[in-house]
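Following: one structure in structure tokens, then a few remarks.
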Amino acid sequence: MAVALIAAAAIAFGVHPATAQPTSRAAPTYAGTAACAACHAKEHEAWRGSHHDRAMAQASEKTVLGNFADARFTRAGVTSRFFRRDGRYWVGTDGPDGRLADFEIKYTFGVYPLQQYLIELPGGRLQAFGIAWDARPKAQGGQRWFHLYPDRRLKAGDPLHWTGIDQNWNYQCADCHSTNLRKNYDETSRTYKTTWSEIDVGCEACHGPGSNHAAWARLDAGARKADAAKGLTVALDERRGVTWAIDAATGNATRSSGRASSREIEACARCHARRGQFDDSWHPGAPLGNAYRVALIEPDLYYADGQMRDEVYNHGSFLQSRMHAKGVTCSDCHDPHSQKLRMSGNAVCGQCHAPSRFDVATHHRHKPGTAGAECTSCHMPTTTYMVVDPRHDHSMRIPRPDRTLTLGTPNACGNCHAKEGARWAADAVARWYPQRKAGQQTFAEALALGDRGAPGAQAALAALVTDATVAPIARASAIPRLVRHPGRATLPALEKALGDGDSLVRLAAASAIRDADPALRARLLPRLLADPVRVVRIEAARGLAGVPEARLSPEDRARLARATDEYLASLRFNADRPEAQTDLGGFHLAGGREDQAIAAYRRALALDATYVPASVNLADLYRARGREREAEAVLRDAIKADPAAAGARHALGLSLARQKRMPEALAALAEAARLAPGDARFAYVHGVALHDAGKATAATKTLEAALARHPYDRDILLALAGYEREAGQLGKAAQRAKLLAELEPDNAELARFARELESAAVQRAPSR
């Protein structure tokens, strides 16, 4: 059979096996899924019809699932009509100018539980339409049109409107839905010439370009034996020869040998991770960080215990799990070709966790056969995204309703027992498991302290950063929290992190040092300029921008030049995004090239007038040049583009204050604080401005209200302590200072301030 398949492959390739020459030394190219199918029929058949196979397709009778029989959907005052014309698929809806027009559906995007549609706009842009088709059965609420942003009133000009920058397929979606995708953005013309070798996710999307392997398959037996690598771009063989043996005492399995690489996991992570992309020539086998920057456990993406909050896909969650730590890979549970589970229901978990111990009521405490008895209900609960798409949390955690009480994080019990509450669930778990294990996510309390800036955060975070028993993604996530309120242990922790074995930790440490003084950056960052992972080198180059060359050795200057080239290449790749243009502006500014910085900020705003960082940075640059009126104009344009832009209003308030236009300044600062109550800085600046304007009572009330939302904010506490001392409220001021000293235990000046206020309060107190 093997000989027949090889012969069939040779015929398909048009080359006789005996005459083929080895090409494994040549740069591999993409051969196409059909070339793989001849020898790998079983895998190809499993892939056919899968989500990868149907990730994207030309719109046709076979691929379109939605109702285009003159169906209508009304949202935010706009009625969109789905219809057919001349055998093609169309939607009549509001376009880039806000007017109704007809647009052809070019491609389908995805298949289940929803299907989106792509519309072509000028400049090679494909845009993801905001109304999707619910592909679920009607009995489950499907077979209908629905809006992906039901809580937003989106109009043309909004980045999330289907015509907006954040719905652009070329940047946002394309890399993960097609094979050998090349974005090909031209910054000068602001157009795309995006290409792919296959419209869907074919074999080579995961295995890398396969021409050399195909050539190897055409060789005679002797020549094939001589090429041990088989011409493969990457061998996804971490599981070859690996067995899992269940320990009778624990009921859990142990891997026969440790996982020595992350090739397979990172091949999946390319698309199953929340990440930013800065290169499209990557293929599996290279470090993921050579083209992608994986998101950490950030408050807007994850809860403090690592549970997914926003749409983070699976990779960041899986990196936190005990399964990852023990050597599990994606294909231990999922067939990579069909994308289906290797076994159904609890049986997939039973591969490594003895059913006799875990798939029983004495463990899961639910009636067998019910939803509560499913392993995933407790250990991989779902969160629904895109309105209809439930995703399992792959951190595979022990339910912790006690943390719901202490940290406010969700717990799996609450999904079915919301009425009973977290206290009821925590008590039940404590009764069932008096010797309860903490679980793998032991970092939760430290990250929560860091998010709140609470007493003890500095010590807990510094300890977490250097704790080698904790998942690297959690240690990396502790670093940005640690540097917000640095203490004595911060720098030693960062220095150790710079030499960590995991690139996520090194990257986070380099990012944390980026804004340090030049001498410290020159001392610590050059070691990363030769890092094996590109994203770390790039971050080191960012951090060294503007550092005088005299501080660097000749070798480091050469490495910096190469890493800076990589950094600038990453920005050119994303020149279609305001974030990249704003970063480029910052790079030029650090080098003293102010005119080039202004041009970059202007390009960012041309791409997206609502991108506040570009407006604020540009206005600040104008301010530094003494051009305050131009700074004000930039900020007013930003507010016109997005009236809810709190950052722009805050910056406008500062500009108006510098111009001595205090009534206008106070109004702008107040509005910024109102629009963004979660930003303590806005409230603090508003309070200080009120005080400086002679409105002491209003200032105190404003800061007290802000402190109720941000009880550990250092600036607010210090301002209140000062104002209360002014007002003769020494007892209250002393309490503020005492808390400040607890928050900053290494700060001798705060400790002295607290003692002075406490002494003054005692002297002022009436004798009894």
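FYI, the numbering just counts along the sequence from 1.
- Ser511 places no side-chain N or O within donor-acceptor distance of the main-chain N or O of Ala508, the cut-off being under 3.5 Å.
- Below 30°, between 30° and 60°, or above 60°: for His650 and Phe682 the angle between ring planes is below 30°, a parallel geometry.
- The closest side-chain heavy-atom distance from Val91 to Ile131 is not below 4.5 Å.
- Between Trp145 and Phe82, the ring planes lie parallel to each other; the angle is under 30°, not in the 30° to 60° tilted range.
- Between Tyr313 and His272, the gap from one ring centroid to the other reaches at least 6.0 Å.
- With sequence neighbours excluded, the residues forming a salt bridge (charged side-chain N to carboxylate O under 4.0 Å, His left out) with Arg48 are Glu45, listed by chain and number.
- Between the side chains of Thr163 and His161, at least one donor-acceptor pair of N or O atoms lies under 3.5 Å.
- Geometrically, Arg84 engages Tyr89 in a cation-pi contact defined by less than 6.0 Å to the ring centre and at most 45° from the axis.
- Scanning both residues, Ser377 and Ala412, for their nearest heavy atoms gives O-CB, 3.4 Å.
- Under 3.5 Å, the side chains of Ser395 and Ser317 contain no donor-acceptor pair of N or O atoms.
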Working for side-chain contact (heavy atoms from CB on, under 4.5 Å), residues Met56 and Asp200: CA-CA 5 Å; Met56 182 171 168; Asp200 53 11; 5.5 Å; no

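- Residue Phe68 forms a ring pair (Phe, Tyr, Trp, His ring centres under 6.0 Å) with just one option from Trp90, Trp133, Tyr117, and that option is Tyr117.
- With a 6.0 Å radius and a threshold of 12 heavy atoms from other residues, nucleotides or ligands, Arg709 has its CZ atom above the threshold.
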Pair Asp94-Trp162, side-chain contact (heavy atoms from CB on, under 4.5 Å): steps then yes or no: CA-CA 9 Å; Asp94 57 329; Trp162 76 266; 4.2 Å; yes

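- Between the CG atom of Leu319 and the CD1 atom of Ile265 there is a distance of 7.5 Å, given to the nearest 0.5 Å.
- Atom CD of residue Gln116 and atom NE2 of residue His177 lie 8.0 Å apart, to the nearest 0.5 angstrom.
- To the nearest 0.5 Å, atom CG of residue Asp186 and atom CG of residue Asp576 are 11.0 Å apart.
- Side-chain N or O atoms of Asp332 include one that pairs as donor or acceptor with a backbone N or O of Thr329 at under 3.5 Å.
- The shortest heavy-atom contact between Val348 and Cys333 is CG2-O, 3.8 Å.
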Using a 3.5 Å cut-off and no angle test, enumerate the donor-acceptor pairs between side-chain atoms of residues 379-387 and protein atoms at least two apart in sequence or in another chain.
residue : atom : partner : partner atom : Å
His379  : ND1  : Arg397  : O            : 3.0
Tyr385  : OH   : Arg309  : O            : 3.3
Tyr385  : OH   : Asp310  : O            : 2.9

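- Put simply, the side chain of Ser615 never gets that close to the backbone of Ala638: no donor and acceptor are under 3.5 Å apart.
- Note that the CD atom of Glu204 and the CG atom of Asn180 stand 8.0 Å from one another [nearest 0.5 Å].
- The pair Glu187-Arg572 does not meet the salt-bridge criterion, since no charged nitrogen lies less than 4.0 angstrom from a carboxylate oxygen.
- Contact check for Tyr30 versus Glu198: no side-chain heavy atoms found under the 4.5 Å cut-off.
- Between Gly306 and Ile297 the shortest heavy-atom distance is CA-CG2, 4.1 Å.
- A donor and an acceptor atom, one from each side chain of Glu264 and Ser331, are located under 3.5 Å apart.
- Tyr192 and Tyr185 have tilted rings, their planes meeting at an angle from 30° to 60° on a 0 to 90° scale.
- Nearest heavy-atom pair across Leu675 and Ala646 is CB-CB, 3.8 Å.
- Salt bridge status for Arg81 with Asp70: present, with a side-chain N to carboxylate O gap under 4.0 Å.
- Residues Arg603 and Leu607 fail the side-chain proximity criterion, which asks for heavy atoms closer than 4.5 Å.
- For the pair Asp305/Arg400, no side-chain contact is recorded, criterion being any heavy-atom separation below 4.5 Å from C-beta on.
- You'll find the side chain of Gln320 reaches within 4.5 Å of the side chain of Phe443, heavy atoms only.
- With Asp608 contributing its side chain and Pro578 its backbone, the two residues share no donor-acceptor pair below 3.5 Å.
- Annotation: side chain of Arg270 is in contact with side chain of Asp175 (closest heavy-atom distance under 4.5 Å).
- A tilted orientation is assigned to the rings of Trp47 and His44, their planes being inclined by 30° to 60°.
- Around CZ of Arg72, the count of heavy atoms belonging to other residues, nucleotides or ligands within 6.0 Å exceeds 12.
- Residue Gln143 comes nearest to Pro137 through the heavy atom pair CG-C, 4.2 Å, listed as atom of the first residue, atom of the second, then distance.
- The side-chain heavy atoms of Asn170 and Arg125, taken from C-beta on, include a pair separated by under 4.5 Å.
- Rounding to the nearest 0.5 angstrom, the gap separating the OH atom in Tyr611 from the CG atom in Asn617 is 8.5 Å.
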Tabulate below the donor-acceptor pairs under 3.5 Å that side-chain atoms of residues 103-114 make, not counting sequence neighbours, or state none.
residue : atom : partner : partner atom : Å
Glu104  : OE1  : Arg88   : NH1          : 3.3
Thr108  : OG1  : Ala57   : O            : 3.4

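- The environment of CD in Gln339 is crowded: more than 12 heavy-atom neighbours from other residues, nucleotides or ligands sit within 6.0 Å.
- Here Asp166 pairs with Arg577 in a salt bridge; the nearest charged N to carboxylate O distance falls below 4.0 Å.
- Residues Arg293 and Leu507 are in side-chain contact: their nearest non-hydrogen atoms beyond the backbone lie under 4.5 Å apart.
- Remark: side-chain polar atoms of Asn411 are not paired, donor with acceptor, to backbone N or O of Pro401 under 3.5 angstrom.
- To the nearest 0.5 angstrom, Asp642 atom CG is 13.0 Å from Asp637 atom CG.
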